[in-house]
Amino acid sequence: MAGIVALTGATGFIGGALCQPLAQAGWRVRALVRQNRGDTLAGKIEWIRGDLNDVAALHQLMANADAVIHCAGAVRGRSLEAFERINVHGSERLLRTAQAESHCARFLFISSLAAREPTLSWYATSKRHAEEVLQQQSGALALTIFRPTAVYGPGDRELSPLFRLLRLGWLPVPGNQQARLTLLHVHDLITAVLRWLDSSFPATGTFELHDGRTGGYSWQTIAAIAARVQGRPVRLLHLPPTGLNLAAAVNLHLARWLGYQPMLTPGKLRELRHPDWICDNGALAAALDWRPSIDLEYAMRKGLNG
Ligand SMILES: NC(=O)c1ccc[n+]([C@@H]2O[C@H](COP(=O)([O-])OP(=O)(O)OC[C@H]3O[C@@H](n4cnc5c(N)ncnc54)[C@H](OP(=O)(O)O)[C@@H]3O)[C@@H](O)[C@H]2O)c1
């Protein structure tokens with residue numbers, strides 16, 4: 001199946017990484033963007049100017065679209081309301097427009113593994129709430145929810161500071177030393193999206209995605225992998241919990257005062273300290289015959305970690 005795919009979040013890390021593979025796979029990509037974009041990938045991408053609040057732009061985005069890939073989302077914010085406005089209400093508006101444009105048969109929501117732990121942060125709450133609203137309202141539209149764990153790769157801004165520090169021989173540990181983390185390379189997420197698009201019957205339901213490493217990673221394992229790849233020691237830098245809590249609280253206050261979108265907040269710290277981000281690809285592997293191919297060591301050896 002190839003036709004028109006409506007894409008949100010195309011100026012971001014994941015949506016941006018999807019554009020070229022979608023076009024190469026023969027899809028005409030119609031992408032909602034808040035800023036003008038020049039490159040149309042030889043006419044295969046049509047940019048629709050607008051945001052998730054703009055119903056007219058959403059109708060333009062959806063006209064005759066066969067499928068929706070919804071990647072737009074707030075990943076930083078100063079209040080629960082700010083996350084909910086985009087992640088919940090924006091997603092709901094997009095779903096309703098897809099339903100109004102009766103051509104559209106399938107809808108993929110890029111949620112997050114954080115939705116499994118909705119009490120940790122405003123982000124996690126809003127992602128879980130968005131999933132619930134979409135599930136309640138999807139009706140005849142085939143709804144698929146992907147819950148990727150932390151995604152990295154070229155173009156990523158959230159994990160790239162960590163990789164920069166690793167190259168310098170340091171790995172900051174924000175609290176729980178026993179925590180089990182999981183990771184996913186953006187290439188494998190794209191492969192899963194393409195498989196979902198190509199499947200004749202869309203796999204409906206909620207699916208976790210990670211790089212397939214059994215038991216995930218500990219902070220110590222990540223340091224050991226980096227040391228092996230770089231050929232020199234990587235030291236764990238244990239960040240003092242009280243100092244870090246204070247920095248997150250101050251950062252949130254400053255963000256409210258100065259008007260920027262903070263990354264380090266008390267909620268983000270709770271996510272980073274959560275002991276168990278182990279997840280399971282079994283359901284998605286069974287539904288789409290998808291297997292990830294890039295683990296952290298391979299990505300670092302090949303310079304694919306961004
Ligand atoms: N990166 C990860 O590790 C990860 C892991 C799991 C799940 N996810 C989910 O994957 C999705 C994409 O993440 P990402 O890392 O690519 O994030 P990102 O780089 O911050 O990109 C977010 C995208 O959403 C767009 N956007 C935000 N608010 C919007 C609005 N009101 N209307 C229209 N577009 C809006 C942004 O547009 P502008 O460029 O105009 O701001 C940008 O294109 C998010 O939903 C996130 O929750 C990410």
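Hydrogens, waters and symmetry mates play no part in the numbers below; they use all other heavy atoms, side chains included. Both ligands and their constituent atoms are indexed starting at 1 by order of listing.
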Is a salt bridge present between Glu131 and Lys127, judged by a nitrogen-to-oxygen distance below 4.0 Å?
no

Quick one: which residue pairs count as a side-chain hydrogen bond (donor to acceptor under 3.5 Å, both in side chains) with a foot in residues 154-164, not counting sequence neighbours?
Arg76-Glu158

ring-ring contact (aromatic ring centres under 6.0 Å, His included) partners of His274, counting only residues at least two apart:
Trp277

With the threshold set at 4.0 Å, does a side-chain nitrogen-carboxylate oxygen contact exist between Arg291 and Asp289?
yes

Which atom pairs, one a donor and one an acceptor, fall under 3.5 Å between side chains of residues 80-89 and the rest of the protein, sequence neighbours left out?
residue : atom : partner : partner atom : Å
Glu81   : OE1  : Arg85   : NH1          : 2.8
Glu81   : OE2  : Arg85   : NH1          : 3.3
Glu84   : OE1  : His129  : ND1          : 2.9
Glu84   : OE2  : His129  : ND1          : 3.3
Asn87   : OD1  : Ala74   : N            : 2.7
Asn87   : ND2  : Ala74   : O            : 3.1
Asn87   : ND2  : Ser126  : OG           : 3.0

I'd like to check Leu296 versus Tyr152 (side-chain heavy atoms, cut-off strictly below 4.5 Å). Are they in contact?
yes

Could you tell me, for ligand 1, which of its N or O atoms are under 3.5 Å from any protein N or O, listing the pairs and their distances rounded to 0.1 Å?
residue  : atom   : partner : partner atom : Å
ligand 1 : 3 (O)  : Val151  : N            : 2.8
ligand 1 : 3 (O)  : Val151  : O            : 3.4
ligand 1 : 16 (O) : Phe13   : N            : 3.1
ligand 1 : 16 (O) : Ile14   : N            : 2.8
ligand 1 : 19 (O) : Phe13   : N            : 2.9
ligand 1 : 24 (O) : Gly73   : N            : 3.2
ligand 1 : 28 (N) : Arg34   : NH2          : 3.4
ligand 1 : 32 (N) : Leu52   : N            : 3.1
ligand 1 : 37 (O) : Thr11   : OG1          : 3.2
ligand 1 : 39 (O) : Thr11   : OG1          : 2.5
ligand 1 : 39 (O) : Gln35   : NE2          : 3.4
ligand 1 : 40 (O) : Arg34   : NE           : 3.0
ligand 1 : 40 (O) : Gln35   : NE2          : 2.9
ligand 1 : 41 (O) : Arg34   : NH2          : 2.8
ligand 1 : 43 (O) : Gly9    : O            : 3.3
ligand 1 : 43 (O) : Thr11   : N            : 3.4
ligand 1 : 43 (O) : Thr11   : OG1          : 2.7
ligand 1 : 43 (O) : Gly12   : N            : 3.0
ligand 1 : 45 (O) : Cys71   : O            : 3.3
ligand 1 : 45 (O) : Lys127  : NZ           : 2.7
ligand 1 : 47 (O) : Tyr123  : OH           : 2.5
ligand 1 : 47 (O) : Lys127  : NZ           : 3.0

